[in-house]
Amino acid sequence: SSDATDARLKGRFNAEALEVSAFVEDSEVTAGGTVTLDSDSLQVLGADVMATAMSISGSAGFSVSFAAAGTFVENDINTSILAEIRDSRVTAIGDVDLHAEDRSSISGTATAASLSVSISLAAGASGFAGTYASNQIGNTVRSGISGSRAESINGDITAKSVSLPSIELTATAASVAASIVAVAGAVVGSEIEVDTTTESFGRDVDLHANNGTVTFSADSQVDVEPKL
């Protein structure tokens, strides 16, 4: 006898469909206080998948038992998080502040287990369990000023980009075969890829912080925890 089980789970944020942005474009803005552009993305993908297979056979003569279980998990986040001033004129008594931040996270558990038992005078049993998990974060985090004039009378001009992606993955596989002739195998595989772009920029700009500072900063910290 034999039994085979396969489980698949896929989660995806589509790059073409998802953009988080705060921007001023082709405009003139004057503020008696501050001008703030804040773009914040918090995406969470969680996936738990388990597959089990069991096969038991018995006879007075010859019997063969086979069981197999497999799991596959794919998680993919691709997003643009933008805070920009484009082709505009911005004047503020206070600060001109642009902030883009990404805190995307993926967590998942993939488990496969198989049990194969054959009972007879001449018997064979085999079992196989396999797990594969693929996780990818490929976001773009960008803050900046391009083709524009920005002035702060009494404050600062700041553009800051922060990227804090995290992936936590647990993948396990277990296989047991019991017989006179028994074969058991378990395979665990995983792929983790973090390919993010984090930038803060000023291009073709005229910037004035009369009583303050002009600051562009970009910070990226990646946290990956595979558990196999």
Side-chain angles (χ1 to χ4, degrees), residues 10-47 74-108 134-168 192-210 212-224:
K10 178 182 292 187
R12 183 182 300 273
F13 283 111
N14 192 305
E16 295 180 356
L18 188 55
E19 177 180 297
V20 182
S21 61
F23 63 90
V24 174
E25 187 171 24
D26 294 326
S27 302
E28 183 170 343
V29 178
T30 302
T34 63
V35 174
T36 302
L37 282 74
D38 192 359
S39 182
D40 191 5
S41 175
L42 175 59
Q43 302 165 68
V44 179
L45 272 180
E74 180 183 4
N75 294 308
D76 188 3
I77 298 177
N78 287 281
T79 310
S80 296
I81 302 95
L82 313 175
E84 298 182 14
I85 296 174
R86 313 165 189 157
D87 303 318
S88 298
R89 183 184 180 95
V90 176
T91 304
I93 298 298
D95 297 334
V96 177
D97 185 24
L98 293 80
H99 181 259
E101 182 169 340
D102 171 47
R103 291 172 290 161
S104 297
S105 65
I106 295 175
S107 63
S134 175
N135 296 277
Q136 180 182 20
I137 296 178
N139 292 347
T140 297
V141 186
R142 188 169 68 230
S143 65
I145 304 171
S146 61
S148 302
R149 185 184 192 276
E151 181 178 6
S152 172
I153 306 300
N154 292 313
D156 302 323
I157 297 175
T158 304
K160 184 176 183 179
S161 297
V162 180
S163 179
L164 303 170
S166 65
I167 296 177
E168 182 177 350
I192 295 177
E193 181 178 352
V194 179
D195 184 16
T196 62
T197 300
T198 306
E199 62 177 334
S200 180
F201 65 89
R203 301 189 182 104
D204 190 22
V205 294
D206 182 11
L207 305 179
H208 299 271
N210 298 334
T213 60
V214 177
T215 305
F216 294 89
S217 66
D219 183 26
S220 179
Q221 299 179 30
V222 179
D223 183 13
V224 176

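The minimum heavy-atom distance linking Val162 with Val141 is given by the pair O-CG1, 3.7 Å. Considering every non-hydrogen atom in both Glu101 and Leu164, the closest pair reads OE2-CD1, 4.0 Å. Ser200 approaches Ala218 most closely through the heavy-atom pair N-CB, 4.1 Å. Here the closest heavy-atom approach between residue Gln221 and residue Pro165 is recorded as O-CD, 3.3 Å. For the residue pair Ile81 and Ser41, the shortest heavy atom distance occurs at CG1-CB, 3.4 Å. Across all their heavy atoms, Ile77 and Gln43 have their closest contact at CG2-OE1, 3.2 Å.
Side chain of Ser88 to backbone of Asp26: a donor-acceptor contact under 3.5 angstrom is found. Without hydrogens or angle criteria, Ser148 side chain to Asp87 main chain gives a donor-acceptor distance under 3.5 Å.
Looking at residues two or more places apart in sequence or on another chain, you find a side-chain contact (heavy atoms from CB on, under 4.5 Å) between Asp156 and Asp95, Thr158, Thr213. Among residues two or more places apart in sequence or in another chain, the side chain to side chain donor-acceptor pair (under 3.5 Å) test is passed with Asp223 by none. Looking at residues two or more places apart in sequence or on another chain, you find no side chain to side chain donor-acceptor pair (under 3.5 Å) involving Ser134. Under the side chain to side chain donor-acceptor pair (under 3.5 Å) criterion, Ser163 pairs with no residue at all, not counting sequence neighbours. The side chain to side chain donor-acceptor pair (under 3.5 Å) test applied to Glu151 returns Arg149, Asn210, not counting sequence neighbours.
Looking at Asp206, Val90, Ile85, Asp204 one by one, the single match for side-chain contact (heavy atoms from CB on, under 4.5 Å) with Ile145 turns out to be Ile85. Checked against Val214 for a side-chain contact (heavy atoms from CB on, under 4.5 Å), the options Ile157, Val205, Val96 give a single hit: Ile157. The residue from Thr196, Asn78, Asp102 that alone fulfils the side chain to side chain donor-acceptor pair (under 3.5 Å) condition with Asn139 is Asp102.
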Considering only distance and modelled atom types, tabulate donor-acceptor pairs under 3.5 Å from the side chains of residues 28-38, sequence neighbours left out.
from: Asp38; atom 1: OD1; to: His99; atom 2: ND1; distance (Å): 3.1

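Of the inter-residue distances, the one linking Ile192 atom CD1 with Glu168 atom CD reads 10.0 Å to the nearest 0.5 angstrom.
A donor-acceptor contact under 3.5 angstrom links the side chains of Ser161 and Ser143, judged on distance only.
The existence of a salt bridge linking Arg103 and Asp40 is confirmed by a sub-4.0 Å separation between a basic side-chain nitrogen and an acidic carboxylate oxygen.
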- Task: Give the C-alpha distance, both sets of side-chain angles, the deciding distance and a yes or no for side-chain contact (heavy atoms from CB on, under 4.5 Å) between Ser104 and Thr79.
- Result: CA-CA 9 Å; Ser104 297; Thr79 310; 5.5 Å; no

- Under the side-chain contact (heavy atoms from CB on, under 4.5 Å) rule, what do Phe216 and Glu199 come out as? Steps first, then yes or no, please. CA-CA 9 Å; Phe216 294 89; Glu199 62 177 334; over 6 Å; no

- side-chain contact (heavy atoms from CB on, under 4.5 Å) assessment of Ser217 paired with Asp219: CA-CA 7 Å; Ser217 66; Asp219 183 26; over 6 Å; no

